[in-house]
J.: 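I have a structure here, written as structure tokens, and I will follow up with some questions on it.
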Amino acid sequence: MRYIFKTSYAQDIALAKHGGHVFWYGLLVALLIAAPWLLPEYWLAQLTFVLIYGIVGLGLMLLAGFTGQFSIGHAAFLGTGAYTQAVLANAGVPFPLALAAAAALSAAVGVVVGLPALRVKGIYLGIATLAFGFIVEEVFARWERVTGGNSGLHVKSPKLFGLDISSGESFYIVCLLVAVLCTFAILNLLRSPTGRAFVAIRDSEISAQSMGIHLARYKTMSFAISAALAGLGGALYAHKLSFISPDQFNILQSIDLLLMVVIGGLGSVHGAFLGAIFLIAMPQLISLGKDWLPPVIGQAPGLQGLVYGLVLIGFVLFEPLGLYGRWLKVRTYLQLFPFYRKGLFKRQKAFTKSDRLR
């Protein structure tokens, strides 16, 4: 009995559940490494942005998907990391040290936000983080001596151990390495006691507290880790664009980040990257679709916001688990075919709806 329990527990916490995971994820990593030789420069740049937003999405997924904390001001942490990286890089600080400082300062700001936010939850926590986002955006605009104000700030080309990594191929490899390390860090965190405490808080704060979980400590820790990852993504974002300004970290950016994790699939690491792909690919698809629409609709202002809203409503109503949830259902269908039954996910859908209305 003890052997069976140990085997089951080892399978639950294993990063790769079986050999298929090792093969497919290994193939994915191999393709990503080979991308600079397979893709033209434009598509490689888009893939770099996917990796950057995926890193930010991992942090927001940890906060919203695994700890159950609502944030509409995550662009503030993204901006904190971006401006920290820009100021330090322009001052001649080595790239790895500036990257670490950007993550550390963003984590410190996350703690500052997390502590007052302990007294509120739900929509009120969202309003509190929204207000914080407005404050930080105003600081970026008014602190001209450091941030350049509304005129923006140019960022020097990054150098790693004396080597220039400003080219699209080399900077993509750096972003890929950081994304892989962050993904492994989050996966290991989630299978640790700390990660299980986060999930317990998400499911029921009262039950988590009754089991001895210190709510204030773990909520603040979740904010700090989420902000650190957002700051890390912001630092890479600053170097990729080579120019940053306060309007890049406004409320619309925060909503885009929240939309990314909701559509990707809350409560899944895969969802962070699927949401990032959606966030980068959707504007391209909308631009292509404009040519097929009547001029009155295709050239109308706010078309992108309308499409985003309709997509979000569709996912909330028909696929609350996001893109990753839809992939799970497709995978289950393929595994059980031809024995798949139509009502297989009915109970799961009913539970999700009741849980959403709770």
J.: Ignoring hydrogens, what is the shortest heavy-atom contact between Ser151 and Phe243? Give both atom names and the distance.
T.: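 Between these two residues, the closest heavy atoms are O-CZ, 3.3 Å.
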J.: Could you pull out every donor-acceptor pair under 3.5 Å between side chains of residues 251-259 and any protein atom, sequence neighbours left out?
T.:
from   : atom 1 : to     : atom 2 : distance (Å)
Gln253 : NE2    : Gln248 : O      : 3.2
Ser254 : OG     : Ile72  : O      : 3.4
Ser254 : OG     : Ala75  : N      : 3.1

J.: For the OH atom on Tyr124, are there more than 12 heavy atoms of other groups (residues, nucleotides or ligands in this structure) within a distance under 6.0 Å?
T.: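 At most 12 heavy atoms, drawn from other residues, nucleotides or ligands, come within 6.0 Å of this atom.
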J.: Between Thr84 and Thr80 (side chain of the first, backbone of the second, donor and acceptor by atom type, cut-off under 3.5 Å), is there such a pair?
T.: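 Checked: pair present.
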J.: Does the side chain of Ser226 come within less than 4.5 Å of His74's, by heavy atoms?
T.: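 Of all side-chain heavy-atom pairs linking Ser226 with His74, at least one is under 4.5 Å.
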J.: Is a side-chain donor or acceptor of Asn90 paired with a backbone partner of His154 at a separation under 3.5 angstrom?
T.: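 Yes.
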J.: Does Ile206 CD1 have over 12 foreign heavy atoms under 6.0 Å away?
T.: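 Atom CD1 in Ile206 is not crowded, with 12 or fewer foreign heavy atoms closer than 6.0 Å.
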J.: Using a strict cut-off of less than 4.0 Å between a Lys/Arg side-chain nitrogen and an Asp/Glu carboxylate oxygen, indicate whether Glu205 and Lys219 qualify as a salt bridge.
T.: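 Yes, charged N to carboxylate O under 4.0 Å.
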J.: Are the side chains of Phe278 and Leu285 in contact, using a 4.5 Å heavy-atom criterion?
T.: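 No; the side chains remain at least 4.5 Å from each other.
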J.: Apply side chain to side chain contact (heavy atoms under 4.5 Å, CB included) to residues Val109 and Phe77 and explain how you reach the verdict.
T.: CA-CA 7 Å; Val109 174; Phe77 304 126; 3.8 Å; yes
J.: For Ala228, is there any backbone N or O sitting under 3.5 Å from a side-chain donor or acceptor partner on Ser106?
T.: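 Checking the backbone N and O of Ala228 against the side chain of Ser106, no donor-acceptor pair under 3.5 Å is found.
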J.: Let me confirm one number: the CG-CG distance from Leu125 to Leu63, rounded to the nearest 0.5 Å.
T.: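 Answer rounded to 0.5 Å: 7.5 Å.
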J.: Which pairs of donor and acceptor atoms, one on a side chain in residues 34-57, lie under 3.5 Å apart (sequence neighbours left out)?
T.:
from  : atom 1 : to     : atom 2 : distance (Å)
Tyr42 : OH     : Gln284 : OE1    : 2.7
Tyr42 : OH     : Gln284 : NE2    : 3.3
Thr48 : OG1    : Leu44  : O      : 2.8

J.: To the nearest 0.5 Å, what is the distance between OG (Ser222) and CG (Leu189)?
T.: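 Between atom OG of Ser222 and atom CG of Leu189 there are 8.5 Å.
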J.: Would you indicate whether the side-chain heavy atoms of Leu190 and Val269 approach each other to under 4.5 Å?
T.: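 In contact.
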J.: Measuring from atom CD1 of Ile33 to atom CD1 of Ile173, what distance do you get when rounded to the nearest 0.5 angstrom?
T.: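 It is 7.0 Å, given to the nearest 0.5 Å.
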J.: Are the side chains of Phe315 and Arg326 in touch, meaning some heavy atoms are under 4.5 Å apart?
T.: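 Result no, sub-4.5 Å side-chain heavy-atom pair not found.
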J.: Atom OG1 of Thr194 and atom CZ of Phe198: how far apart are they, to the nearest 0.5 Å?
T.: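 Thr194 atom OG1 to Phe198 atom CZ measures 6.0 Å (nearest 0.5 Å).
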J.: With clusters defined by side-chain heavy atoms of hydrophobic residues (ILVMFWY) lying less than 4.5 Å apart, directly or transitively, does Leu153 cluster with Leu78?
T.: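 Result: yes, single cluster for both.
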J.: Taking side chain as C-beta onward, heavy atoms only, is Leu323 less than 4.5 Å from Ile263?
T.: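 Yes, side chains in contact.
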J.: With a 4.5 Å limit on heavy-atom distance, are the side chains of Tyr218 and Ile201 in contact?
T.: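 Counting from C-beta outward, Tyr218 and Ile201 do come under 4.5 Å.
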J.: Is a side-chain donor or acceptor of Ser268 paired with a backbone partner of Gly265 at a separation under 3.5 angstrom?
T.: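 Yes, the answer is positive, given that a donor and an acceptor are paired below the 3.5 Å cut-off.
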J.: Is there a side-chain contact between Val112 and Phe132 (heavy atoms, below 4.5 Å)?
T.: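 The answer is no, as the side chains (C-beta and beyond) never meet within the 4.5 Å cut-off.
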J.: Taking all non-hydrogen atoms of both residues into account, name the closest pair between Ala82 and Ala238 and its distance.
T.: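 Looking at all heavy atoms of both residues, the shortest contact is O-CB, 3.7 Å.
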J.: If every non-hydrogen atom of Pro158 is compared with every non-hydrogen atom of Phe95, which pair is closest and at what distance?
T.: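 Nearest pair, atom of Pro158 first, then Phe95: CB-CD1, 3.8 Å.
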J.: Once rounded to the nearest 0.5 Å, what's the spacing between atom CG of Leu97 and atom CD of Gln85?
T.: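 Here the interatomic distance stands at 10.0 Å.
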J.: Using the rule that two of Ile, Leu, Val, Met, Phe, Trp, Tyr join whenever any of their side-chain heavy atoms come within less than 4.5 Å, decide whether Tyr237 and Phe171 are in one cluster.
T.: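 Yes.
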J.: If you take all heavy atoms of Arg202 and Phe66, which pair is closest and at what distance?
T.: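 Heavy atoms only, the tightest pair is CB-O, 3.5 Å.
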J.: Do Thr67 side-chain atoms and Leu62 backbone N/O form a donor-acceptor pair below 3.5 Å?
T.: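 Yes.
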J.: To the nearest 0.5 Å, what is the distance between OG on Ser204 and CD1 on Ile213?
T.: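 CD1 of Ile213 is found 10.0 Å from OG of Ser204.
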J.: Are a donor atom and an acceptor atom from the side chains of His239 and Ser157 found within less than 3.5 Å of each other?
T.: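 The criterion, which ignores hydrogens and geometry beyond distance, is not satisfied for Ser157 and His239.
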J.: If Ile, Leu, Val, Met, Phe, Trp and Tyr residues are connected whenever their side-chain heavy atoms lie under 4.5 Å apart, and connections chain through other members, are Ile280 and Met260 in the same group?
T.: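 Yes.
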J.: Where do Leu279 and Pro283 come nearest, in terms of heavy atoms and distance?
T.: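 Heavy atoms of Leu279 and Pro283 come nearest at O-CD, 3.2 Å.
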J.: For Tyr324 and Phe273, run ring pair (Phe, Tyr, Trp, His ring centres under 6.0 Å): C-alpha distance rounded to whole Å, both residues' side-chain angles, the deciding distance at 0.1 Å, then the answer.
T.: CA-CA 10 Å; Tyr324 184 63; Phe273 291 97; over 10 Å; no
J.: Fit a plane to each ring of Phe249 and Phe140, take the angle between them on a 0 to 90° scale, and name the class: parallel (under 30°), tilted (30 to 60°) or perpendicular (over 60°).
T.: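 Perpendicular: the ring planes of Phe249 and Phe140 meet at over 60°.
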J.: Compare all side-chain heavy atoms of Thr147 with those of Pro246 and state whether any distance is below 4.5 angstrom.
T.: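 Of all side-chain heavy-atom pairs linking Pro246 with Thr147, none is under 4.5 Å.
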J.: Which atom names give the shortest non-hydrogen contact between Cys175 and Leu236, and what distance separates them?
T.: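 Closest approach of Cys175 to Leu236: SG-CD1, 4.2 Å.
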